[in-house]
Each structure stands twice: as C-alpha cells, then as structure tokens.
There are 2 protein chains.
Amino acid sequence: MSPEALTGPSARIAADLRSAILEGRLAPGAKLPPVRTLADQYGVSRNTAVKAIAQLRSEGLIVTKYGSGAYVRDEHPVRWLGPDRYARSRWATTTVEVRADDPSSDAAQIQGGQTQEVNRVDADERIAAALEIEVGAPVIERARVITRADVPTHTMTSYYRAEDVEDTPICDPRPGIAGRGGGFAILAERGLEPAEVTEELRARMPTPDEAELLELPPGEPVVELRRITRTANGRPIEYAVGVHAASRFGWRFTYPIPD
Amino acid sequence: MSPEALTGPSARIAADLRSAILEGRLAPGAKLPPVRTLADQYGVSRNTAVKAIAQLRSEGLIVTKYGSGAYVRDEHPVRWLGPDRYARSRWATTTVEVRADDPSSDAAQIQGGQTQEVNRVDADERIAAALEIEVGAPVIERARVITRADVPTHTMTSYYRAEDVEDTPICDPRPGIAGRGGGFAILAERGLEPAEVTEELRARMPTPDEAELLELPPGEPVVELRRITRTANGRPIEYAVGVHAASRFGWRFTYPIPD
DNA sequence: TAGTGGTCTAGACCACTTC
DNA sequence: AAGTGGTCTAGACCACTAA
C-alpha cells in the first residue's frame with residue numbers, strides 16, 4: 001500500500017541491483033560494478049556501497065570473489081529426490097566389493113566423489129530413540145560427504161546398531177561399499193531387509209562449520225534430513241542424518257489421500 | 001582439525017556470542033549486552049560490535065528490537081506436516097457454510113486467522129502445466145495468508161480450473177469456506193473427489209515481500225511447497241503454491257521401499 | 001602494479017524504547 | 001532524559017586477483 005520504506009542509501013543501492021538481477025538486466029555470471037564505482041555513482045561513502053553488496057550476498061543473489069569482483073550467482077540444476085531413490089532395484093543387485101586401491105591407514109578417504117569415515121560411538125538420546133536401543137549402547141557411525149562435479153552437495157551420516165553390521169563391509173572405512181545403496185544391500189544380506197522409510201525434513205540456516213564444509217555461499221539455507229529405515233516388521237535398522245545445500249535439491253512425494 | 005580462522009574482531013565477537021547461545025549460557029529470550037558495552041569490552045569501535053550483532057541476526061540466532069536491545073531468539077514450536085493433514089476424515093464431513101458476518105465489499109477479509117482473496121486470472125505456463133490446460137485458460141486463484149496466534153505462518157495460493165469451481169462457494173471471497181479442507185469438500189461435491197497428491201518442497205531465502213508479509217526475522221529461510229491434487233483417474237483438480245516460515249514447520253513422510 | 005573486496009576506526013546523527 | 005539499535009562518513013590498511 002505505502003511506498004517501500006527506504007531505510008537509507010545502502011538499501012536503495014541494494015534494491016536497485018536486486019531488481020536488475022531479478023529482471024534479468026544483470027544475467028547470471030555477470031560482473032557487478034565495483035563498490036568504489038557504486039559509491040561514486042550514488043554519492044555515498046565506500047562503506048555504504050559495501051554494505052549493499054553484503055546484503056545481496058546474504059540473500060544469495062550474488063557471490064563475491066576476493067580481489068576480483070561481485071558476480072550474479074549462477075543457477076544450480078536442481079536434483080529432485082523422491083522415494084524411488086531407495087528402490088530395491090537400485091541396491092538388491094549391488095555387488096558388494098571393496099576397492100582396495102589405496103591401503104592408506106587414514107580412515108577418511110576420497111574416492112568417487114565421496115569422503116567416508118567410520119567410527120564406533122555410544123548412542124546419544126536421539127540415536128537411541130531412533131534405533132530403539134538404550135542410550136549409550138554401541139552404534140556404528142558412518143559419516144560421508146557426497147560430492148558432485150568436485151563440489152560438495154550434501155553430508156549423510158548413518159547410524160547402525162553395532163551388532164547389526166559388525167564384521168560387515170559397512171565397518172570398512174574404505175569408501176566404495178555404499179556408493180549406491182550398498183548399505184541397504186549389506187543389511188539385506190544379514191537378514192535385515194529394508195522395507196519402510198520415514199523421512200523428516202527441516203530447513204534452516206547452516207552452522208559456520210556446515211557452511212565451510214559444503215562451501216555454501218553466504219545466505220544459502222540447508223535442508224536437514226532425518227531418516228529411519230525399518231524392516232517389514234517395524235524394526236529400525238538405520239538412522240541417518242543428512243545436510244543438503246538447499247539450492248541444489250528439491251523433494252518430491254506422491255501419495256494417495258489417506259482416510 | 002585446525003583452529004577456527006578468525007577474519008577479524010567482529011567475527012571473534014560473533015563467535016563468542018554464538019557459542020554462548022548454542023551452549024545455553026544465553027537462554028532464549030535473554031538480552032545480549034548492548035553494542036556499546038561489547039565495543040568497550042573487546043576494545044573495538046562501536047561499528048565493529050554492530051557488525052557482529054548483524055551477523056548473528058542474519059543467522060537467525062537473535063532478534064533485535066529497535067531502541068531496546070538484542071535478544072536470543074525464542075524457539076518456535078515446530079508443526080510437523082504429513083499426508084494425514086489431507087485425510088478424507090478431515091474434509092468429507094465438513095459442512096460448507098459461508099459465515100456472512102461482514103458484508104464488506106472488499107475481497108480481502110480477515111477471519112479465523114486467515115486472509116483470503118479470490119481472483120479470476122489467466123493461467124500462466126506453470127499453472128497451465130500443472131492443471132493440464134492451455135496457457136491463458138481461465139483459472140480461479142484463491143490466495144490465503146494463514147495466521148496462528150496472531151503471527152502469520154504461511155501463505156497458500158490455490159488454482160482451480162474455472163469450470164470446476166464456478167458458482168461454488170470457492171469463488172466466494174468471504175473466508176470460512178475452506179478453513180479445514182473445505183476446498184476438497186467442494187470439489188468432491190462436484191464429482192471431483194481428490195484421490196492423490198503430489199508435493200514438491202524447496203527451501204530458499206525469502207524475497208523482501210515475503211519477509212515482510214510473514215514477518216520473518218532476517219536470516220530465516222522459507223520452504224516453498226507446490227502441490228498438485230488429482231482425482232482417482234489422474235485428472236488434476238487443484239494446483240497450490242505455499243510459502244512456509246522454515247522455523248515453524250517440518251515435513252514427515254513414511255512410505256514403503258519401492259521396487 | 002593496479003584493481004578490487006574485506007575490515008576496521010572514530011565520530012556523528014537519527015529513531016525508537018524505557019523510565 | 002537516558003539507553004539502545006541503525007546508519008552513514010572519510011579515511012586507512014590488508015589480502016587477493018589479474019594482467
């Protein structure tokens with residue numbers, strides 16, 4: 001109804017640049033004017049122009065390259081995630097093999113766009129509740145960072161009851177085991193065939209750690225995914241927590257109207 | 001592994017306050033020290049302390065009240081959304097009644113925590129694809145802002161084929177019709193019973209308009225939900241787009257592992 | 001080496017809240 | 001009236017990039 005409340009010159013500069021970007025006058029990848037130029041053009045101090053740029057960056061509209069310039073952010077192709085990514089056909093026939101290409105002693109390795117680290121830990125309250133075990137009971141934690149085209153897209157950390165996966169390739173710190181649902185295949189081999197999945201999604205801003213790990217531009221939210229996998233008789237076999245860069249993923253579900 | 005890279009005093013101040021909040025030493029609702037105090041304590045200029053506060057605000061950890069102070073943000077109770085919110089039992093028995101409490105001529109009214117506006121518009125590309133009609137075909141747009149305890153939580157805009165809902169209460173701009181799945185009930189009455197839903201979720205930062213409308217604190221992301229509702233034979237009857245404040249909602253889905 | 005982003009200082013003024 | 005957040009200025013220095 002009322003005209004936009006302009007709280008100051010920096011907001012004005014940000015608004016001008018924002019509409020230029022949203023209307024396509026500044027295309028993705030285009031370089032913005034240097035802050036010194038903006039300051040001159042608008043007759044403000046350099047600090048004020050810097051503030052406008054920082055605002056747009058926090059909105060995720062631009063990225064800044066130190067010493068180079070500010071650029072309109074490129075669009076990421078969105079990957080849509082749905083139930084089919086857990087389909088039996090994707091893991092039932094998976095050949096479980098460990099690629100012993102690098103006999104390094106380090107537990108964290110990189111291969112095929114996936115970092116992996118395996119640890120034996122005690123179940124905290126949340127893990128215990130999900131796996132329906134006692135707090136403090138031993139669990140196997142398998143933490144991964146998934147990369148695509150050299151850019152990290154999401155983390156995924158799985159927890160298993162220790163007795164379920166001990167002496168299986170899941171405990172092998174070398175990656176390659178679970179690249180494509182390998183974890184499910186191994187559980188099925190042990191007589192714990194996955195039959196049902198419950199997923200929870202929450203969006204939030206990343207912690208500084210997550211922002212660094214996932215190389216998130218400032219202003220990019222993340223989606224936290226929590227998943228419990230159960231057998232046909234309802235026994236939980238895996239609890240997993242993932243953090244996804246919001247701009248790179250969408251979720252899609254189709255289901256019948258319940259009664 | 002390595003110590004946190006401190007890019008400067010403002011980052012240091014922000015980090016100190018951040019851990020105080022996350023570790024609970026500063027409880028939700030607690031007042032932070034004034035920026036002038038922070039500047040003195042850390043021996044920096046006031047501007048630098050202000051910057052630290054602005055950073056925390058953009059992370060959604062604190063809210064600032066002009067002229068009063070900065071406060072640790074209160075937790076919102078999370079409302080979990082799942083397929084059951086569309087259950088037949090919630091709308092099949094709904095009595096469709098228009099509460100004609102205010103014969104105002106304005107199409108946008110407020111009642112029962114819901115603003116509503118109904119318009120007849122031409123289908124754009126996205127609407128047309130979702131409803132499987134021609135671009136430019138007439139559709140009924142029903143835009144709502146849903147409020148809970150006087151604070152707006154999300155928007156929801158539904159699109160229907162004009163011929164499906166013309167001369168039904170859906171086109172009545174007075175709210176109260178669709179408070180609890182009333183839209184589904186009306187469609188069912190016309191022989192278009194909802195049978196299947198497809199939902200798409202994306203998280204992103206809000207536009208300035210959305211931030212204002214939903215009264216979002218800086219740094220709060222939103223979740224955009226797109227929904228297509230179909231009859232048993234796959235005919236789309238409703239396309240809806242909603243924007244949810246991320247801190248107030250979570251999504252939960254349970255489904256069998258597909259083949 | 002020149003251009004550019006990032007951060008900081010010291011001081012100023014304004015707007016809003018609280019008392 | 002005092003306290004507090006928000007914004008701005010003018011100038012400085014540093015770190016990184018690109019030619």
Side-chain angles (χ1 to χ4, degrees), chain A residues 2-17 21 26 29-73 208 211-212 215-219, chain B residues 4-17 21 26 29-73 208 211-212 215-219:
Chain A
S2 63
E4 183 83 355
L6 296 180
T7 55
S10 76
R12 166 78 195 288
I13 300 173
D16 285 355
L17 292 172
I21 293 168
L26 281 170
K31 187 172 189 291
L32 272 65
V35 284
R36 286 166 178 83
T37 307
L38 287 172
D40 284 350
Q41 284 178 351
Y42 283 87
V44 298
S45 80
R46 196 163 81 83
N47 239 335
T48 303
V50 165
K51 198 175 178 187
I53 292 293
Q55 172 61 25
L56 295 177
R57 194 183 40 182
S58 89
E59 291 174 18
L61 286 175
I62 64 173
V63 293
T64 52
K65 287 174 70 175
Y66 213 135
S68 169
Y71 302 85
V72 179
R73 200 165 151 195
E212 191 186 352
E215 295 173 16
L216 297 174
Chain B
E4 183 85 354
L6 297 180
T7 55
S10 76
R12 167 76 196 288
I13 298 173
D16 286 355
L17 292 171
I21 293 169
L26 281 170
K31 188 174 189 294
L32 272 65
V35 283
R36 287 165 178 83
T37 307
L38 287 172
D40 284 351
Q41 283 178 352
Y42 283 86
V44 298
S45 81
R46 196 163 82 81
N47 238 335
T48 303
V50 166
K51 198 173 178 189
I53 292 294
Q55 172 62 25
L56 294 177
R57 195 182 39 183
S58 88
E59 291 175 17
L61 286 174
I62 64 174
V63 293
T64 53
K65 288 172 69 175
Y66 213 133
S68 169
Y71 302 86
V72 179
R73 196 159 156 204
E212 191 185 353
E215 295 173 15
L216 298 174

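Sequence lines set the chain letters: A, B, ... in the order given, protein chains first and strands last, and positions in each chain run from 1. Basis for what follows: all heavy atoms, side chains included, without hydrogens, waters or symmetry-related copies.
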>> Quick check on DNA chain C: between A:Asn47 and A:Gly69, whose nearest nucleotide comes earlier from the 5' end?
In response: A:Gly69
> Backbone N or O of B:Arg46 within a donor-acceptor pair of the B:Arg36 side chain at under 3.5 Å?
Replying inline: no
> Given that B:Arg46 and A:Ser68 both sit by DNA chain D, which one's nearest nucleotide is further toward the 5' end?
Replying inline: B:Arg46
> Nearest-Å distance, CD1 (A:Ile13) to C1' (D:dT7)?
Replying inline: 12 Å
>> Looking only at the side chain of B:Pro34 (C-beta and beyond, no hydrogens), which of the listed nucleotides D:dC16, C:dT7, D:dG5 gets closest?
In response: D:dG5
> Counting only side-chain N and O atoms of B:Lys65, is one of them less than 4.0 Å from OP1 or OP2 of D:dT4?
Replying inline: no
> Roughly how many Å is it from CG in B:Asp40 to P in C:dA10, rounded to a whole number?
Replying inline: 12 Å
> How long is the line joining CD1 of A:Ile53 and P of C:dT7, in whole Å?
Replying inline: 13 Å
>> Does D:dT9 have its OP1 or OP2 closer than 4.0 Å to a side-chain nitrogen or oxygen of A:Ser45?
In response: yes
> A:Arg12 CZ to D:dC8 C1': how many Å, rounded?
Replying inline: 16 Å
>> As an exercise, state the distance from CD of B:Glu59 to OG of A:Ser58, rounded to the nearest 0.5 Å.
In response: 11.0 Å
>> If I take atom OH in residue B:Tyr71 and atom C1' in nucleotide D:dG5, what distance separates them, rounded to the nearest angstrom?
In response: 11 Å
> Taking NZ, NE, NH1 and NH2 as the nitrogens, is one of them in A:Arg12 or A:Asp16 under 4.0 Å from a carboxylate oxygen of the other?
Replying inline: yes
> Base, sugar-phosphate alone, or nothing: which one does A:Ala70 contact when heavy atoms must sit under 4.0 Å apart?
Replying inline: sugar-phosphate
>> Side chain of A:Tyr66, heavy atoms from C-beta onward: which of D:dT9, D:dA15, D:dG5 has the nearest atom to it?
In response: D:dA15
>> Check this one for me: any side-chain N or O of B:Arg57 less than 4.0 Å away from OP1 or OP2 of D:dG6?
In response: yes
>> In whole Å, I'd like the distance from the CD atom of B:Gln55 to the P atom of D:dG5.
In response: 17 Å
> So which of B:Ile62, B:Val63, B:Ile13 actually passes side-chain contact (heavy atoms from CB on, under 4.5 Å) with B:Leu56?
Replying inline: B:Ile62
> OP1 or OP2 of D:dC8 less than 4.0 angstrom from a side-chain nitrogen or oxygen of A:Ser10, does that happen here?
Replying inline: yes
> Any side-chain heavy atom of A:Ile53 sitting closer than 4.5 Å to one from A:Leu38?
Replying inline: yes
>> Less than 4.0 angstrom between a side-chain N/O of A:Thr48 and OP1 or OP2 of D:dT9, yes or no?
In response: yes
>> Nearest heavy atom decides the nucleotide; on that basis, is B:Gly67 or A:Thr64 closer to the 5' end of DNA chain C?
In response: A:Thr64
>> Categorize B:Val50 for me: base, sugar-phosphate, or nothing, with a 4.0 angstrom heavy-atom threshold over every strand shown.
In response: base
> B:Lys51 has an atom NZ; how far is it from atom P of C:dG5, in whole Å?
Replying inline: 14 Å
> Which nucleotide, D:dC8, C:dG5, D:dT9, lies nearest any side-chain atom of A:Arg36?
Replying inline: C:dG5
